[in-house]
Engineer: 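Here it is, the structure in full.
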Amino acid sequence: MFQSMQGNRKTGSDAVAINLAPLIDIVFILLVFFLVTSTFVRDTGIKVDRPVATQTHLLQPKSLRISIAASGALYAEGRELDIMTLGSRVKEFHQKERGSVVVVPDKAVVAGRLIEVIDVIKLAGVQDVAVATSRPDTL
């Protein structure tokens, strides 16, 4: 009977193992959660000096950004477009996403060019058109 009790004791050479599999699973699930719930904004890839406005509001995340450079060139998703291609690109986006279109003009853009771009967007079927501006510096 004495020997059987000694046989049940653990010796000092037995190491305690911590199972890391559940911890790794939880970290992976959190990583997937943050990737799925985060919003990524794709900028057009050109530097635009936006005009300043005091009245602003946020738009829905599903929006197509059209940039107008100071030279009047149009850019969507980093690629240069002409005015005819813009209409088909906006129509394709609107049929797929049903989102809004944000026009990001440089402050040196002539007003006529901005109106021309907004006109093409509205003719493509999008009624929710916004013009992106910068907030004024507050003191």
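The first residue in the sequence is number 1, and the count goes up from there.
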Engineer: Considering only heavy atoms from C-beta outward, does the side chain of L74 approach that of S67 to under 4.5 Å?
Structural biologist: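 Side-chain contact under 4.5 Å: no.
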Engineer: V129 versus V103: any side-chain heavy-atom pair under 4.5 Å?
Structural biologist: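 They are in contact (side-chain heavy atoms under 4.5 Å apart), so the answer is yes.
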Engineer: In this structure, which one of T37, L31, V36, L35 forms a side-chain contact (heavy atoms from CB on, under 4.5 Å) with F33?
Structural biologist: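 Answer to the side-chain contact (heavy atoms from CB on, under 4.5 Å) test with F33 among T37, L31, V36, L35: T37.
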Engineer: Write down the atom of A132, the atom of P105, and the distance for their closest heavy-atom approach.
Structural biologist: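 Smallest interatomic distance, heavy atoms only, reads O-CD, 3.8 Å.
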Engineer: Any Lys/Arg nitrogen of R65 or E77 sitting under 4.0 Å from an Asp/Glu carboxylate oxygen of the other?
Structural biologist: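 Answer for the salt bridge query: no.
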Engineer: Sequence neighbours left out, what passes side-chain hydrogen bond (donor to acceptor under 3.5 Å, both in side chains) with T85? Give chain and number order.
Structural biologist: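 Listed in chain order: D82.
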Engineer: Can you name the nearest heavy-atom pair linking D106 to A69, along with the distance?
Structural biologist: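 In terms of heavy atoms, the two residues are closest at CB-C, 4.0 Å.
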Engineer: Assess the residue pair V104 and V102 against the criterion (side-chain contact (heavy atoms from CB on, under 4.5 Å)); give the C-alpha distance rounded to whole Å, side-chain angles, the decisive distance to 0.1 Å, and a yes or no.
Structural biologist: CA-CA 6 Å; V104 185; V102 179; 4.2 Å; yes
Engineer: Could you go through residues 109-126 and list every donor-acceptor pair under 3.5 Å that involves a side-chain atom there, pairing it with any protein atom two or more places apart or in another chain?
Structural biologist:
unit_1	atom_1	unit_2	atom_2	d
R113	NE	G72	O	2.9
R113	NH1	E116	OE1	3.1
R113	NH2	G72	O	2.9

Engineer: If every non-hydrogen atom of F93 is compared with every non-hydrogen atom of S100, which pair is closest and at what distance?
Structural biologist: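 Heavy atoms only, the tightest pair is CE2-O, 3.5 Å.
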Engineer: State the CZ-NE2 distance between R98 and H94, to the nearest 0.5 angstrom.
Structural biologist: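 Output value for this atom pair is 4.5 Å.
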Engineer: Got V101 and V90 here, is their nearest side-chain heavy-atom distance under 4.5 Å?
Structural biologist: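 A side-chain contact exists here, since the closest heavy-atom pair is under 4.5 Å.
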Engineer: For residues I29 and L20: do they belong to one hydrophobic cluster (side chain heavy atoms under 4.5 Å, members Ile, Leu, Val, Met, Phe, Trp, Tyr)?
Structural biologist: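 No: no chain of side-chain contacts under 4.5 Å links I29 to L20.
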Engineer: Tell me whether L64 is reachable from M84 by hopping between hydrophobic residues (I, L, V, M, F, W, Y) whose side-chain heavy atoms are closer than 4.5 Å.
Structural biologist: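 Yes, because M84 and L64 connect within a single hydrophobic cluster, where side-chain heavy atoms sit under 4.5 Å apart.
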Engineer: Is there a path of hydrophobic side-chain contacts, each under 4.5 Å between heavy atoms of I, L, V, M, F, W or Y residues, that connects I24 with I26?
Structural biologist: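 Result: no, two separate clusters.
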